[in-house]
Amino acid sequence: MQIPTKYNPKETENKWYQYWMEHGFFKSVPDGREPYTIVIPPPNVTGVLHMGHMLNNTIQDVLIRRARMQGKNACWVPGTDHASIATEAKVVAMLKERGIAKKDLTRAEFLDYAWEWKEKYGGIILEQLKKLGASCDWDRTRFTMDPEMSEGVIDTFIHLYKKGWIYRGVRMVNWDPQGKTAVSDEEVIRKEVNQKLYYISYEVVESESQKDGKTESQKDAATESELSDFRTSQLPDFLTVATTRPETIMADAAICINPNDERYASFIGKKVVIPLINREIPIITDEYVEMEFGTGCLKVTPAHDLNDYNLGLKHHLPVIDILNDDGTLNEKAEILVGKDRFTARKEIAKVLEEAGALEKVEEYKSQIGFSERTDAVIEPKLSMQWFCKMEEMAGPALDCVLNGEVKLIPDKFINTYKYWMENVKDWCISRQLWWGQQIPAWYLPNGQFVVAKTREEALEEVRKLGSREDRKTERPEGWKADSPLSDFPTFGLSDLTQDEDVVDTWFSSWLWPISVFDSQFFSGKNSMGNADLQYYYPTNDLVTAPEILFFWVARMIMAGYEFKHEAPFKNVYLTGIVRDKLGRKMSKSLGNSPDPLDLIEKYGADGVRVGMLFSSPAGNDLMFDESHCEQGRNFANKIWNAFRLVKGWEVDAQLSNPNQTAIAWFQSRFNQALTEIDENFKQYRLSEALITTYKLVWDDFCAWYLEMVKPVYQQPIDASTYKATVGFFENILKIVHPFMPFLTEELWHDELFGERAELDCCIVAQQPKIGEINLKLLNEISTIKEVVSEIRNTRNVKQISPKEALPLAIKSNFEIYYPTYVPILSKLGNLSEVTFIQDKLAGAANFIAGTDEFFIELSNQIDAAAERERIQKELAYLQGFLKSVTSKLSNERFVQNAKAEIVANEQQKKADAEAKIKMLEEGLAGLV
RNA sequence: GGGAGAUUAGCUCAGCUGGUUCAGAGCAUCUGCCUUACAAGCAGAGGGUCACUGGUUCGAACCCAGUAUCUCCCACCA
C-alpha cells in the first residue's frame with residue numbers, strides 16, 4: 001500500500017489553507033442567510049502568539065466552522081490592537097538600541113518610527129493564526145489605528161464630550177513611571193510582595209501657638225542656642241511611624257493619629273520635625289487611622305498616596321510632590337535629588353539610621369500595584385487627566401447581563417460583573433503617549449480649550465465660544481465681550497494647540513464590534529449604519545479571557561448600547577487561563593510557555609487544536625499538558641488509518657451484505673452521538689462535544705464498527721456495506737471538521753468519496769441531520785460487546801492466542817435473539833462455532849453476560865480451584881448487591897416515595913441478581 | 001477585609017434533574033500481543049472512604065450547614 005501509515009500534517013496544512021483562501025471560503029458578504037458573526041479579540045499588533053491565543057482562537061474557529069457547516073453565513077473578523085503603552089514601550093526600546101532617545105524626536109518623527117515598526121512586526125500574529133487554521137475573513141482585517149477606525153474614536157470622544165460625559169480634571173491617578181503615563185484602575189495589577197516596614201521617629205516640638213507666648217517674629221529672632229535650650233529643657237518626645245515608603249518623608253504634610261488613641265492624646269496640636277530635612281509638620285487626628293496598625297501613627301503624604309491625598313483634602317494639607325515623571329526624586333525632596341525612588345528608599349534608610357531616626361525595620365508583606373503593560377510599580381500621582389463618566393453607561397450594560405440578553409458563559413461571572421458595574425468609577429482615558437489617537441482638544445493661548453475633530457472645526461468652536469451669550473467659561477485673553485473672532489485678525493489656526501495626550505487603547509477597542517463593520521458610523525451621519533453593520537450586528541459569540549471582562553467586554557457592551565442601542569453580542573464565552581503543570585500562568589517572563597508554532601510543528605495544527613480543547617471547559621483554567629496534543633495527534637492518525645483501511649477495500653458487486661445489523665447499529669449510534677454533540681454545543685461544552693466525537697470515532701467506528709464489517713484480509717467487500725461505510729466516514733469527517741479542519745479536508749477530497757463537484761469542500765459541507773435511534777438495537781449490541789469482551793478476557797486469562805478460534809455455547813433465555821448476532825460474535829471473538837444449549841457445559845470456561853450464560857470449551861483443562869475462587873468472589877459481590885437491593889425494596893417508604901420506574905428498576909435488578917446467583921451456584925456445584 | 005469557584009484514580013479532568021448509562025475518560029502503570037488500517041496501535045488488568053464533619057432524604061459525589069486546603073476577582077490598612 002502506498003499510503004503511509006502515519007498522517008503527515010505538513011503535507012496538507014499549507015495546501016488546504018491556501019486552497020480555502022484562494023477560493024474565498026472564509027469570505028463573508030451579507031446575503032439572505034442567517035449571519036453568524038464573531039469579532040476576534042484583537043491581539044497586540046506587535047505581539048506573538050501565545051498559548052492563551054491558541055486556546056481562544058481554536059474555540060472561535062471551532063464555533064465559526066461549525067456555524068458555516070450549519071448553513072449560516074459565518075463571518076469571523078480578524079484584526080489587531082495598537083496597544084499604545086506596550087507598543088510605544090517597544091518602539092522606545094528599539095530606538096534606544098539604535099541610539100535614539102524619544103525626547104530628541106518630534107511627535108511626527110516618533111510616529112514615523114512607530115508605524116515603520118508596526119509595518120514590520122504588525123500582523124506576525126495574524127500569520128501565526130493562519131497556521132492554526134483560523135478561518136477568518138482576512139479581507140476584513142482591521143487595525144484599531146487604521147485612519148478610519150481612529151476617526152471613529154475621535155467621533156465618539158466628541159460625542160461623549162458634548163454629552164458632558166467626558167471631562168478634564170486634576171485627580172489622583174495611577175502613574176506608570178516607566179511608560180511615563182497615567183493608566184486606568186483596571187490596568188493596575190496588584191501583587192503581594194515582600195517589603196520592609198520602616199519605623200521612623202519624628203521629634204515632637206511645640207507648635208508656635210503653644211510656645212510660651214512667643215510670636216512668630218520672636219521665634220525668628222530667637223537664637224539657635226535659645227531654641228536648643230528650649231528643646232532640651234522639654235525633654236524631647238518622639239513619634240514613631242511605620243511606613244513602607246521612607247523615601248517619601250520629605251513629602252510629608254502631617255502626622256495623623258486616631259483621636260481616640262490615648263497613647264498620643266498629649267501630642268495633639270503639637271508638631272513634629274521631619275528627620276533629615278527638619279521641616280515642621282502638624283500632628284492631626286482622624287479616625288481613619290487604625291490604632292492597631294504599626295505604631296498607630298500615620299505619616300500623611302498627600303502627593304504620593306491616594307488615602308493621604310483624601311486625608312490632605314479633608315485637613316487642608318499642602319501637596320508636596322517630590323517625584324519626577326520617571327520616578328526619580330526632584331528638588332522638592334531637598335535630599336537624594338535625582339535618585340530613583342527605590343534607590344532613594346535604600347539610601348534613606350541608611351541615612352536615617354545614621355541620624356538615629358530609624359527605630360527598627362520589619363519584614364512586611366503587602367499588596368502593591370504594578371502596571372499591567374510595563375510591570376512597573378505604580379506611583380499614585382496627582383495630575384490633570386481626561387475622564388469618562390461611566391455611571392450612565394453602566395446601567396443598560398448591567399441590565400442586559402442580568403436579564404440574560406447577553407449571556408456570560410459560565411454564568412458564575414455574572415456576580416463579579418454586577419459588582420463591578422454597580423461600583424464603576426470614572427475612567428481615566430488620557431495617556432501621556434504618542435502612539436494612539438490624539439485627544440481632539442484644542443487649547444487657546446490662555447489655557448481654555450475646545451473639543452473638535454479638526455483644527456479648522458476647533459477654530460469654529462472657538463468662534464462660537466467667543467460669540468456665545470450663555471458661556472460659562474472665560475474667553476480667550478484679549479477677547480472683548482460679545483465680539484466675533486473676526487475682530488481678532490491675529491488669532492488663527494496656529495494659535496490653537498492640540499492636547500498632547502492620546503486616549504487609552506481600550507477607548508478604541510470598546511468600539512470594535514461596531515467599528516470593524518462601519519467605522520463611519522460614529523460620525524452620526526447614518527444612524528442605521530452601513531449594510532454590513534445592519535447585517536452582522538449584533539454579533540453572536542465573543543470568546544475572550546475573563547481577565548479582560550471589565551477592561552473590554554463590559555465597555556463594549558456600554559458602547560454597544562450608547563452608540564448602537566443594542567448589545568454587541570449575545571454570548572460571551574470566557575475561556576480559562578492557560579497554566580503550566582505547576583499551575584503557574586504561562587508567560588513569556590517565566591519562560592514556561594511552549595512556543596505554539598513549535599507545537600504545531602510537532603503535533604500538527606489539528607493535534608494542537610484537539611489538545612487545547614481536550615480539557616478546557618469554559619471559565620476553568622487549563623493546566624496545559626503537551627500529552628494532550630499528543631493525544632490529538634494520535635487521534636488524527638487514527639482517523640487516517642481508518643481511512644487507509646476503507647481505502648484498501650475492493651468491492652465485489654456479487655456479494656450480498658452480511659453486515660446489516662452492524663450498519664443499522666452504527667447508524668443509531670451515530671445519531672445518538674450527534675444528539676449529544678448538538679446538546680454540548682448548545683451549552684458551549686466544547687470539550688464535551690470533542691470527547692463525544694472522539695469516542696464515537698475511536699471506539700464506536702474504529703474499534704467496533706470497522707472490526708464488525710471489515711472483510712478477511714484480501715477478501716473483497718460487498719457493495720452495500722462499502723457504500724454505507726463510506727457514507728459513515730463522510731459524516732464523521734463532517735463532525736470532526738470543526739475540530740480538525742486540515743485532516744478532514746484532506747480526506748474529503750479522496751476519490752474514496754467519489755467525484756467531488758468543484759468547490760465541494762468539507763469546510764462548507766453541511767452537518768449531518770439527526771436520524772432515528774434504535775434503542776433496542778443499541779442495548780443489545782452493548783450486551784454483545786460485553787460478550788465479546790468476556791471472550792477476549794477469557795483468552796487473556798487462559799493465555800490463549802487470539803488466533804486460535806474457540807467454540808462458544810450459549811445458554812440463553814432468548815430475551816436477546818442471539819442468532820442475529822452470531823456473525824458479529826464469531827468475527828470479533830474469533831469463534832470456530834456457536835451453539836445453543838439447554839444445560840450447562842461442565843468443565844468449560846464460562847461467564848455471564850446480560851441474563852445469559854456462555855461456555856467456552858477449552859482444549860486444556862481448566863483450573864478448578866482458580867475457577868471456584870473466581871466464582872465465589874463474584875458470588876460474594878452479587879449477594880451483597882442483592883442484599884442492598886432487597887433491603888431497599890423492603891423499605892416501605894422507598895416503595896411509596898420513589899418514582900414507579902425507579903422501583904421497577906430495582907425489582908429488575910433484584911431479579912437479575914437472583915438469576916445470576918443461581919447460575920453461579922449451579923456452576924460452583926458443577927465443579928468437581 | 002468582601003465575594004466567587006474548586007477539592008473525584010498517580011496526573012489532567014468529566015460526572016448536566018438526587019435513584020440503571022454512577023463512581024467515569026484520557027494520560028501514566030501492569031500483563032499479553034509487531035493479529036495485514038493504525039506500536040502515534042490492539043486486547044485486557046489494577047487503581048477511588050468522591051477533602052473532612054454533620055444535616056436533609058426512603059436514597060447523597062450531587063442538596064444544606066460548618067471545617068480545612070487551594071485558586072481567582074474585588075478592596076486605600078500605612
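Chain letters run A, B, ... following the sequence lines, proteins first, then strands; residues in each count from 1.
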Check whether NZ of the Lys or CZ of the Arg A/Arg792 lies under 6.0 Å from the centre of the six-membered ring of A/Trp704 and within 45 degrees of that ring's axis. yes
Between atom NZ in A/Lys6 and atom C1' in B/C34, what is the gap in whole Å? 12 Å
So, do A/Tyr713 and B/U36 meet the stacking rule of ring centres under 5.5 Å and planes under 30°? yes
Looking at A/Arg685, I'd like to know whether one of its side-chain N or O atoms comes within less than 4.0 Å of OP1 or OP2 on B/G15. yes
Let's test your reading of the pairing rules: Watson-Crick or G-U wobble, both distances under 3.5 Å, then write RNA chain B as a dot-bracket string with ( ), [ ], | and dots. (((((((..((((.....[....)))).(((((.......))))).....(((((..]....))))))))))))....
Roughly how many Å is it from CD in A/Gln195 to C1' in B/C77, rounded to a whole number? 13 Å
Side chain of A/Leu706: nearest nucleotide among B/A37, B/G41, B/A75? B/A37
Quick one: is A/Lys638 getting a side-chain N or O under 4.0 Å of the B/A37 phosphate, OP1 or OP2? no
Does a nitrogen or oxygen in the side chain of A/Trp704 sit under 4.0 Å from OP1 or OP2 of B/A43? no
Hey, does the side-chain of A/Tyr288 have a donor or acceptor N/O within less than 3.5 Å of a partner on the base of B/C76? yes
Using 30° and 60° as the class limits, which term best fits the ring planes of A/Phe701 and A/Phe666: parallel, tilted or perpendicular? tilted
For nucleotides B/U71 and B/G26, find the distance between their C1' atoms and express it as a whole number of Å. 24 Å
Any side-chain N or O of A/Tyr417 below 4.0 angstrom from OP1/OP2 of B/A4? no
Rounding to an integer number of angstrom, what distance separates B/C22 and B/A9 when you compare their C1' atoms? 15 Å
Length of the line joining A/Asn637:CG and B/A39:C1', which is rounded to integer Å: 11 Å
Does the B/A43 base have a donor-acceptor partner in the side chain of A/Glu707 within less than 3.5 Å? no
Between A/Phe739 and A/Tyr694, is the ring centre distance below 6.0 Å? no
